[in-house]
Asker: 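Below is one structure. I have some questions about it.
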Amino acid sequence: TVAEASRLHVARLQRELAELSDRAAKAQRDYLSLKLDFDRILDDAETERRRTHEETLLKLAKTFLPVIEDLRKSLVALSDEQRESPLGQTLTMIHTRALKNLESLKISPIPDAIGETPDTNLHEPIGTTEAPDLAGKIAQELEKGYTVTLDDQPKIITTSKVLIGQ
């Protein structure tokens with residue numbers, strides 16, 4: 001009969017609909033799983049990129065900071081007359097430019113702390129010096145320390161080498 005044929009047709013369509021719904025649900029689950037995997041891979045790649053950038057920057061800084069520090073010490077050792085000479089002016093210009101280049105890499109010197117109590121995170125006391133008015137405080141900075149800012153967090157590259165007054 002027509003009713004029986006219609007009922008069989010509806011039942012077949014319902015089975016097909018259920019089968020297609022199952023396939024669509026499986027495809028949706030597979031898509032979400034692949035999307036999660038892809039997002040995880042992107043996050044891992046970004047983390048690795050940042051880690052590599054940080055390692056490279058620190059290696060570069062640790063290689064060139066001693067040269068910049070030697071240049072700074074040379075400038076400090078110059079007399080006023082020598083500092084005004086063409087060579088002294090050239091050394092000053094090179095040092096200034098090197099510091100600006102470091103700044104563009106978010107590398108900066110640790111601020112002078114003469115007269116302050118040493119901060120063990122920033123200062124490495126390597127000796128004492130006669131300075132009764134600065135007993136227990138930083139009396140002299142022998143070598144600049146530097147920090148780098150990565151992901152808005154400062155990180156010590158090198159500590160300042162200081163003498164403590166006694």
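Every heavy atom of this structure was used, including side-chain atoms; hydrogens, water molecules and symmetry mates were not. Position 1 is the first residue of the sequence, and the numbers go up from there.
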Asker: I'd like to check the salt bridge (Lys or Arg N to Asp or Glu O under 4.0 Å) partners of Glu55; sequence neighbours left out, ordered by chain and number.
Answerer: Arg51
Asker: Linking I/L/V/M/F/W/Y whenever their side-chain heavy atoms sit closer than 4.5 Å, directly or via other members, would Leu75 and Leu142 fall into one cluster?
Answerer: no
Asker: Are His9 and Arg12 linked by a side-chain donor-acceptor pair shorter than 3.5 Å?
Answerer: yes
Asker: Stepwise, does the side-chain contact (heavy atoms from CB on, under 4.5 Å) test hold for Ile157 with Lys62?
Answerer: CA-CA 7 Å; Ile157 299 172; Lys62 286 179 180 181; 3.9 Å; yes
Asker: In chain order, what residues pass the salt bridge (Lys or Arg N to Asp or Glu O under 4.0 Å) check against Asp37, with sequence neighbours excluded?
Answerer: Arg40
Asker: If you measure from the Lys or Arg side-chain nitrogens to the Asp or Glu carboxylate oxygens, is any gap between Lys161 and Glu124 under 4.0 Å?
Answerer: yes
Asker: What pairs meet the side chain to side chain donor-acceptor pair (under 3.5 Å) rule with one or both residues in residues 91-103, with sequence neighbours excluded?
Answerer: none
Asker: For Ala139 and Gly165, which heavy atoms make the closest approach, and how far apart are they?
Answerer: CB-N, 3.7 Å
Asker: Treating Ile, Leu, Val, Met, Phe, Trp and Tyr as nodes and any side-chain heavy-atom pair under 4.5 angstrom as an edge, say whether Leu65 and Leu57 lie in one connected cluster.
Answerer: yes
Asker: Which residues pass the salt bridge (Lys or Arg N to Asp or Glu O under 4.0 Å) test with Arg49, sequence neighbours left out?
Answerer: Glu46
Asker: Transitively linked via ILVMFWY side-chain contacts under 4.5 Å: Tyr146 with Leu122?
Answerer: no
Asker: Say whether Ile114 and Ile164 are linked into one hydrophobic cluster, either directly or through other cluster members, by side-chain heavy-atom distances under 4.5 angstrom.
Answerer: yes
Asker: Let me see the working for Ile138 and Leu163 under side-chain contact (heavy atoms from CB on, under 4.5 Å), right down to the final yes or no.
Answerer: CA-CA 6 Å; Ile138 297 173; Leu163 293 178; over 6 Å; no
Asker: What pairs with Asp80 under salt bridge (Lys or Arg N to Asp or Glu O under 4.0 Å), at least two apart in sequence or on another chain?
Answerer: Arg83
Asker: State which residues pass side-chain hydrogen bond (donor to acceptor under 3.5 Å, both in side chains) with Glu54; sequence neighbours excluded, sorted by chain then number.
Answerer: Lys155
Asker: Can Lys26 and Asp22 be counted as an ion pair, charged N to O under 4.0 angstrom?
Answerer: no
